[in-house]
Amino acid sequence: MAEISQNTPKKRGLIEALDLDMRLIGMIGALLAIALAFNLATGGNFLSPRNIFNLTIQTVSVAIMATGMVFVIVTRNIDLSVGALLAICSAMMAMTQARWLPGALGLELGSPLIAPLTVLVGLAVGTLIGAMNGWLIGYLTIPAFIVTLGGFLIWRFAGWYLTSGQTIAPLDQTFLLFGGAEGTLGETWSWIAGLALSLVALWAIWSARRSKLAHEFPVKPLGAELALAGVAVAAILGFVAVLNAYAIPKGKLRRMFEAQGLELPDGYSAGHGLPFSVLILIAVAVAMTLVARKTRFGRYIFATGGNPDAAELSGINTRMLTVKVFALMGFLCGLSAIVASARLQSHANDIGTLDELRVIAAAVIGGTALAGGSGTIYGAILGALIMQSLTSGMGMVGVDSPLQNIVVGAVLVLAVWIDIQYRKRWGKP
Amino acid sequence: MTTPLVEMRDISIAFGGVHAVDHVSVDLFPGEVVGLLGHNGAGKSTLIKILSGAYRADSGQILIDGKPVEIHNPRDARACKIETIYQTLALADNLDAASNLFLGRELVTPLGFVDDDAMEAETRKIMARLNPNFRKFSVPVSALSGGQRQSVAIARAVYFDARILIMDEPTAALGPHETQMVAELIEQLKAQGIGIFLISHDIHDVMKLCDRASVMKNGKLVGTVKVADVTDDDLLGMIILGKPPTRAA
Ligand SMILES: Nc1ncnc2c1ncn2[C@@H]1O[C@H](COP(=O)(O)OP(=O)(O)O)[C@@H](O)[C@H]1O
Ligand SMILES: [Mg+2]
């Protein structure tokens with residue numbers, strides 16, 4: 001090993017020694033470049049705590065679905081129905097919380113049971129429709145493109161019939177906490193959550209290293225490992241600091257105090273901190289990464305994408321796997337529907353329109369190959385963040401929306417071209 | 001004589017109108033190597049894929065240790081201790097050697113997560129035995145040479161204590177040195193009492209390594225002969241003419 005790395009060019013040797021993920025670095029670099037450019041163009045507004053907060057909560061819904069789309073695309077499928085699925089889940093939840101539970105079941109408006117029941121309905125509807133898609137694709141062998149193109153037409157309009165095309169509002173107060181600005185941890189709990197996340201990250205890095213050492217496998221130099229750990233912790237705590245720095249407006253604070261029968265003390269201020277929706281995204285990201293890398297299910301997803309015949313011959317039930325992958329995609333659509341409708345504080349029939357394209361683009365910008373077999377969860381989330389940053393940034397500098405779409409479309413094509421070059425150069429799948 | 005390890009009786013399978021395997025019977029005893037010979041398209045791979053659970057026969061019976069078994073899928077075959085090296089190798093190119101070796105039978109931690117480090121350690125051990133020059137443990141197998149890929153497929157078949165080993169053209173991508181190593185491996189496994197079906201189009205390999213040879217042509221069994229009783233030319237005649245040698249019959 002030692003002789004080999006001495007013979008290779010120094011730069012490449014260093015990168016390999018640190019085992020850095022060039023794709024991750026490239027994406028973070030692109031995101032930073034976009035952020036800094038817009039920050040310059042907006043005189044510092046783009047990177048203000050307020051804008052970062054808004055950007056984050058606007059990204060959550062697409063990012064959650066994009067993690068599921070990674071699995072769908074890795075298994076050589078596609079899901080064109082996620083926007084429509086989000087709409088039907090949102091419609092079912094709106095009807096549940098605003099009509100059925102208070103009406104037929106006689107729960108009082110504002111009853112603490114409404115939000116959890118609504119959430120269950122949304123997740124169940126998404127999972128069931130997703131599982132049905134998977135069954136049509138896996139067992140009846142109808143191409144995913146066709147099944148989900150059908151779903152794209154069916155589900156949004158099924159939602160339309162359910163709500164008679166009406167916009168449904170107001171939604172349950174507790175339910176609205178999932179939307180972003182209405183439900184945040186506050187400063188103290190955000191720090192606690194940030195520290196907890198940092199500990200989890202440190203533990204993950206440390207236990208991976210310990211396991212490698214136990215098997216006498218090569219590990220990174222300790223200094224490099226510590227530096228990476230430092231960067232991870234700094235990023236987590238920095239993110240918390242920024243969200244804490246975004247102060248809750250005075251008017252809203254006063255209402256919050258009044259709701260508890262108190263008066264707002266003079267000079268009192270508080271930051272938002274981590275929104276619940278962002279915590280949900282973080283939980284989804286961690287869970288999906290674990291599934292992808294550390295479970296049999298994830299291993300079979302990648303094996304099937306790499307070589308479906310080999311997977312089959314290894315005893316993997318690839319049909320059932322397809323059902324599970326699409327059921328998971330549906331579940332995540334339900335979760336996104338919770339976040340999206342709570343953020344908009346209503347259900348309207350056009351909720352999630354074009355989301356299928358944003359979600360697919362996020363996964364693809366994040367390095368998921370349509371040929372199947374490769375893709376990462378973090379890539380999809382960064383892809384969603386890059387797209388949302390571009391859209392918001394262009395909006396802030398006054399680019400009109402037709403041009404915004406043209407730019408995002410061009411970036412999608414460019415990103416895939418760069419990814420192809422990367423694969424050629426580094427020989428990574 | 002002892003009970004055969006495997007008996008495939010009167011096996012048939014058709015794809016559309018093509019009778020890929022047509023009323024074929026073969027058997028295999030413990031510690032025996034049986035060669036399967038025939039032109040491309042003779043039905044050799046299809047026959048053994050029925051034994052490995054990749055296909056289900058339209059008719060016929062499979063017996064293991066004299067008892068009828070139902071092999072509906074690759075998992076059933078693995079449960080019968082049948083391991084297969086496929087002609088296509090059947091590797092997931094995007095995964096590394098260890099993930100391929102343990103595909104479908106991953107080692108897991110007490111919490112149920114896949115234990116990649118333990119699997120890599122096991123892979124290193126078996127590779128040290130099968131192909132000591134193998135170094136590329138942490139790259140996807142798409143980055144390996146044909147011979148290295150083949151040794152991953154062989155390692156997967158050998159690792160799990162097979163009783164019945166199916167090797168479909170295992171030396172197709174190998175150089176002379178590696179081919180020699182596979183020959184030695186076959187001798188070792190044979191000595192352990194494992195039964196091996198060896199598909200090959202190289203008559204010399206078959207003459208050297210096999211105890212018996214079954215020859216197929218157009219989906220039908222031409223005949224099964226003891227290798228000691230025939231010459232290279234006899235086997236060649238069976239393959240080309242589709243008739244058992246008059247002398248050996
Ligand atoms: N999955 C399949 N579908 C259709 N035809 C097949 C399939 N597998 C094999 N065949 C046909 O069966 C015949 C035998 O093929 P095969 O068993 O691969 O031959 P061999 O391994 O002896 O070269 C060929 O005519 C082949 O085209
Ligand atoms: Mg063949």
Side-chain angles (χ1 to χ4, degrees), chain A residues 1 3-5 16 19 74-76 204 207-219 287 289-321 368-369 371-376 423 426-429, chain B residues 49 52-55 72-79 83-96 98-109 111-125 135-144 152-153 156-157 166 168:
Chain A
M1 278 304 282
E3 301 116 11
I4 295 170
S5 50
E16 266 169 21
D19 195 18
V74 164
T75 53
R76 304 188 178 187
S207 68
R209 184 180 177 88
R210 200 187 45 163
S211 168
K212 289 231 179 317
L213 284 174
H215 286 99
E216 298 178 348
F217 294 164
V219 291
T289 304
L290 266 182
V291 168
R293 298 198 173 167
K294 288 286 161 207
T295 66
R296 288 199 162 130
F297 177 48
R299 185 61 44 90
Y300 297 167
I301 286 171
F302 281 83
T304 302
N307 186 345
D309 294 333
E312 194 87 54
L313 291 174
S314 299
I316 295 167
N317 185 344
T318 55
R319 296 169 167 216
M320 195 57 202
L321 190 82
T368 307
S374 79
T376 59
R423 282 167 211 263
W426 295 93
K428 293 269 172 73
Chain B
K49 278 186 173 175
S52 77
Y55 296 149
H72 295 312
N73 55 46
R75 264 163 296 159
D76 292 344
R78 285 179 166 187
E83 294 291 332
T84 312
I85 300 159
Y86 290 99
Q87 190 169 8
T88 55
L89 302 185
L91 298 174
D93 282 332
N94 54 335
L95 303 183
D96 61 16
S99 303
N100 270 291
L101 205 154
F102 287 93
L103 192 57
R105 300 181 270 208
E106 288 74 12
L107 301 179
V108 292
T109 62
L111 291 177
F113 292 113
V114 295
D115 194 341
D116 284 307
D117 291 332
M119 290 192 281
E120 186 178 328
E122 288 299 306
T123 306
R124 281 174 187 268
K125 268 189 231 157
R135 291 276 182 284
K136 297 189 165 173
F137 290 99
S138 46
V139 297
V141 295
S142 60
L144 305 184
V152 174
R156 171 167 65 185
I166 301 168
D168 195 349

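By convention in this document, chain letters (A, B, ...) are assigned in the order of the sequence lines, proteins followed by strands, and residues within each chain are numbered from 1.
- Counting only distance, with no hydrogens or angles, the side chain of B:Arg75 and the backbone of A:Ser314 share no donor-acceptor pair below 3.5 Å.
- Side chains of A:Tyr300 and A:Thr318 form no contact here, defined as non-hydrogen atoms less than 4.5 Å apart.
- For the set B:Arg135, B:Lys49, B:Arg124, the entry with the most heavy-atom pairs within less than 4.5 Å of chain A is B:Arg124.
- For B:Asp117, the parts lying under 4.5 angstrom from a heavy atom of chain A are both the backbone and the side chain.
- Here B:Arg105 does not pair with B:Glu122 in a salt bridge; the nearest charged N to carboxylate O distance is not below 4.0 Å.
- For the pair A:Asn307 and B:Leu91, the minimum side-chain heavy-atom distance is 4.5 Å or more.
- Residue with the most contacts toward chain A among B:Ala118, B:Ala77, B:Ser138: B:Ala118 (heavy-atom pairs, distance under 4.5 Å).
- Interface remark: B:Phe137 contributes no atoms to any contact with chain A (heavy atom separation under 4.5 Å).
- Proximity to chain A (any heavy atom under 4.5 Å) is restricted, for B:Val108, to the side chain, taken from C-beta onward.
- Looking at A:Phe217, only its side chain comes within 4.5 Å of chain B, counting heavy atoms on both sides.
- With rounding to the nearest 0.5 Å, the separation of CG in B:Asp115 from CD in B:Glu120 is 11.0 Å.
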